[in-house]
Amino acid sequence: MATIHLMVGFMGFGKTTIAKKLEKEILAVRFTHDELMMANFGRNPDDFQTKYKIIDEQIKKQTVEFIKAGKDVILDYGFWTYRKRQEYYDWAKTLTDDVVFHYIHCDMDIAKQRTLERSKNDLSALMIDENTFDTLAQQYEQWNDMDDYPVVLHNLSTTHYIGNQVMVTIDRPKSSKHPKYGYEYPVNYGYLPFTESGDGEELDAYVLMEDIPLEKYVGRCIGVIRRTDDDDDKLIVVPQAYDLDDKTIEQEVEFQEKWFNHILLRYNEII
């Protein structure tokens, strides 16, 4: 099933750089609103909101066509507000079950410097001066507790996943055997697509409280197993609105984590 990726971040956060990288990795179709605005209406268009809506409708129409054809789509919009994220998530879910946000974190001062330099030196970029940046920055709402959607976090530690929804691909379902060591998986075990862990592979996840073998799963991260002798964090994922105590989590993952020194992290760092 095709996936819609929704890129969240303010101007200068580096979201388009990440979107372009993702585009190449998964051979997706990427729509960046600013690029189309520039191509159609120039660097400093008048009646911006009207022209924005024209481009938006064009992108939505093409997104529908690509998703129907089984092609992944990246919407590199920014989605600055909770309301806009909610609106587009609800719309995307009418097209496919696989919808995931990508939240890019960045210091606002760094973003401002990048944006002003780009406007000065890149004639293919929309013109943004300091006053415009500051005015628009007041509209930006970073990812927060109300954003209860599957998310991939960029430029943040894995503990920021705690409390958030995640989309897990299960490559070692419950009752399957380890391909090398032969032990059986008593739980579903997989990874978060489009992520990168400390070992260079995707970020792994234990899916607990599910009794049947699974292929994909959307649940909530309630903790992180951090191996102290192996740079390879593991998320603890459970059904929505559920929780487990530390002892139960340790018992559930003991089949594999007994071979590694580790700590269980349960706190959610502030973004």
> So, for Ala205 and Val237, which heavy atoms are closest and what is the spacing to 0.1 Å?
Replying inline: CB-CG2, 4.0 Å
> Stepwise, does the side-chain hydrogen bond (donor to acceptor under 3.5 Å, both in side chains) test hold for Thr32 with Arg30?
Replying inline: CA-CA 6 Å; Thr32 297; Arg30 177 180 60 89; 2.5 Å; yes
>> Taking Leu203 as the starting point, is it possible to reach Val187 by hopping between hydrophobic residues whose side chains are less than 4.5 Å apart?
In response: no
>> In the structure I gave you, are the side-chain heavy atoms of Trp259 and Tyr181 within less than 4.5 Å of one another anywhere?
In response: no
Donor-acceptor pairs under 3.5 angstrom involving side-chain atoms of residues 206-220: please list them, not counting sequence neighbours.
unit_1	atom_1	unit_2	atom_2	d
Tyr206	OH	Gln256	NE2	2.8
Tyr206	OH	Glu257	OE2	2.5
Glu210	OE2	Tyr217	OH	2.6
Lys216	NZ	Asp98	OD2	2.7
Arg220	NE	Gln240	OE1	3.2
Arg220	NH1	Asp148	OD1	3.1
Arg220	NH1	Gly163	O	2.8
Arg220	NH2	Asp148	OD1	3.0
Arg220	NH2	Asp148	OD2	3.2
Arg220	NH2	Gln240	OE1	2.5

> Is any side-chain heavy atom of Ile263 less than 4.5 Å from a side-chain heavy atom of Leu265?
Replying inline: yes
> Does the distance from a Lys or Arg side-chain N to an Asp or Glu carboxylate O, for Asp229 and Arg227, drop under 4.0 Å?
Replying inline: no
> Any chain of hydrophobic side-chain contacts (each under 4.5 Å) joining Val73 to Val151?
Replying inline: yes
>> Checking Asp90 now: which residues fulfil salt bridge (charged side-chain N to carboxylate O under 4.0 Å, His left out) with it, not counting sequence neighbours?
In response: none
> Charged N to carboxylate O under 4.0 angstrom, Glu117 versus Arg114?
Replying inline: no
> Going by heavy atoms in the side chains, are Phe13 and Met7 under 4.5 Å from each other?
Replying inline: no
> Can His5 and Val152 be said to form a side-chain contact (heavy atoms from CB on, under 4.5 Å), step by step?
Replying inline: CA-CA 10 Å; His5 303 264; Val152 172; over 6 Å; no
> Does the side chain of Ile4 come within less than 4.5 Å of Phe66's, by heavy atoms?
Replying inline: no
> Considering only heavy atoms from C-beta outward, does the side chain of Cys221 approach that of Gln165 to under 4.5 Å?
Replying inline: no
> If you count the non-hydrogen atoms of other residues, nucleotides and ligands that lie under 6.0 Å from CZ in Phe260, is the total more than 12?
Replying inline: yes
>> I need the minimum non-hydrogen distance between Thr195 and Leu192, along with the two atoms involved.
In response: OG1-O, 2.6 Å
> Can you tell me if Asp97 uses its side chain to pair, donor with acceptor, with the backbone of Lys93 under 3.5 Å?
Replying inline: no
> Centre of Tyr77's six-membered ring, under 6.0 Å away, within 45 degrees of the axis: is that where NZ or CZ of Lys15 sits?
Replying inline: no
> Would you say the side-chain atoms of Lys71 pair up with the backbone N or O of Leu27, donor to acceptor, closer than 3.5 Å?
Replying inline: yes
> Can you list the steps and then say if Ile236 with Val224 is a side-chain contact (heavy atoms from CB on, under 4.5 Å)?
Replying inline: CA-CA 6 Å; Ile236 305 298; Val224 174; over 6 Å; no
> In the single-linkage hydrophobic clustering (I, L, V, M, F, W, Y; side-chain heavy atoms under 4.5 Å), do Leu153 and Tyr82 co-cluster?
Replying inline: yes
> Hey, mind stepping through Thr158 and Arg226 against side-chain hydrogen bond (donor to acceptor under 3.5 Å, both in side chains) and telling me if it holds?
Replying inline: CA-CA 9 Å; Thr158 51; Arg226 174 153 295 167; 3.2 Å; yes
>> Does Asp76 form a side-chain hydrogen bond (donor to acceptor under 3.5 Å, both in side chains) with Thr16? I'd like the steps, not just the answer.
In response: CA-CA 6 Å; Asp76 179 20; Thr16 297; 2.6 Å; yes
> Could you give the distance from CD1 (Ile128) to OG (Ser119), rounded to the nearest 0.5 Å?
Replying inline: 5.5 Å
>> Starting from Ile225, can I reach Ile162 by hopping between I/L/V/M/F/W/Y residues whose side chains sit under 4.5 Å apart?
In response: no
>> Please say yes or no: joined through hydrophobic side-chain contacts below 4.5 Å, possibly via intermediate residues, are Tyr161 and Ile222 part of one cluster?
In response: no
> Under 3.5 Å, side chain of Asp147 to main-chain N/O of Asn144, donor-acceptor pair present?
Replying inline: yes
> Would you call Lys20-Glu25 a salt bridge at under 4.0 Å N-O?
Replying inline: no
>> Rounded to the nearest 0.5 Å, what separates atom CD in Gln139 from atom OG1 in Thr81?
In response: 8.5 Å
> Going through the distances and angles, do Asp204 and Tyr189 end up as a side-chain hydrogen bond (donor to acceptor under 3.5 Å, both in side chains)?
Replying inline: CA-CA 8 Å; Asp204 294 325; Tyr189 181 76; 3.2 Å; yes
> Where the side chain of Thr248 meets the backbone of Leu244, is there a donor-acceptor pair that is under 3.5 Å apart?
Replying inline: no
>> Quick check for you: to the nearest 0.5 Å, what is the distance between Ile26 atom CD1 and Asp72 atom CG?
In response: 4.5 Å
>> For His102 and Phe194, take the angle between the two ring planes, folded into 0 to 90°, and tell me which bin it lands in: parallel under 30, tilted 30 to 60, perpendicular over 60.
In response: tilted
> Is there a side-chain contact (heavy atoms from CB on, under 4.5 Å) between Met146 and Arg85 once you walk through the steps?
Replying inline: CA-CA 10 Å; Met146 292 194 302; Arg85 296 191 284 269; over 6 Å; no
> Which residues satisfy the ring pair (Phe, Tyr, Trp, His ring centres under 6.0 Å) test with Tyr149, sequence neighbours excluded?
Replying inline: Tyr89, Phe101
> Could you state the interatomic distance from OG1 (Thr115) to CG (Asp129), rounded to the nearest 0.5 Å?
Replying inline: 11.5 Å
>> Are Leu6 and Val100 packed together at the side-chain level, in the sense that at least one heavy-atom pair is separated by less than 4.5 angstrom?
In response: no
> side-chain contact (heavy atoms from CB on, under 4.5 Å) between Thr3 and Val99: does it pass, once the steps are laid out?
Replying inline: CA-CA 6 Å; Thr3 301; Val99 180; over 6 Å; no
> Could you go step by step and tell me if Asp107 and Lys112 meet the salt bridge (charged side-chain N to carboxylate O under 4.0 Å, His left out) rule?
Replying inline: CA-CA 9 Å; Asp107 179 81; Lys112 183 176 182 178; over 6 Å; no
> Roughly how far, to the nearest 0.5 Å, is CG of Asn131 from CZ of Phe133?
Replying inline: 12.0 Å
> Looking only at heavy atoms, which two atoms of Lys177 and Gly182 are closest? And how far apart?
Replying inline: CD-O, 3.7 Å
>> Could you measure the distance from the CD atom of Glu184 to the OG atom of Ser176? Nearest 0.5 Å is fine.
In response: 7.5 Å
>> I'd like to know if the side chain of Thr96 and the backbone of Ala2 have a donor-acceptor N/O pair within less than 3.5 Å.
In response: yes
>> Tell me whether the rings of Trp143 and Tyr103 are parallel (<30°), tilted (30 to 60°) or perpendicular (>60°).
In response: tilted
> If you take all heavy atoms of Thr169 and Pro193, which pair is closest and at what distance?
Replying inline: OG1-CG, 3.2 Å
> Can you name the one residue among Trp80, Tyr52, Phe79 that meets ring pair (Phe, Tyr, Trp, His ring centres under 6.0 Å) with His33?
Replying inline: Tyr52
> Do Glu250 and Lys258 pass the salt bridge (charged side-chain N to carboxylate O under 4.0 Å, His left out) test, and can you show the C-alpha distance, the side-chain angles, and the key distance before you say yes or no?
Replying inline: CA-CA 9 Å; Glu250 291 285 6; Lys258 65 183 178 182; over 6 Å; no
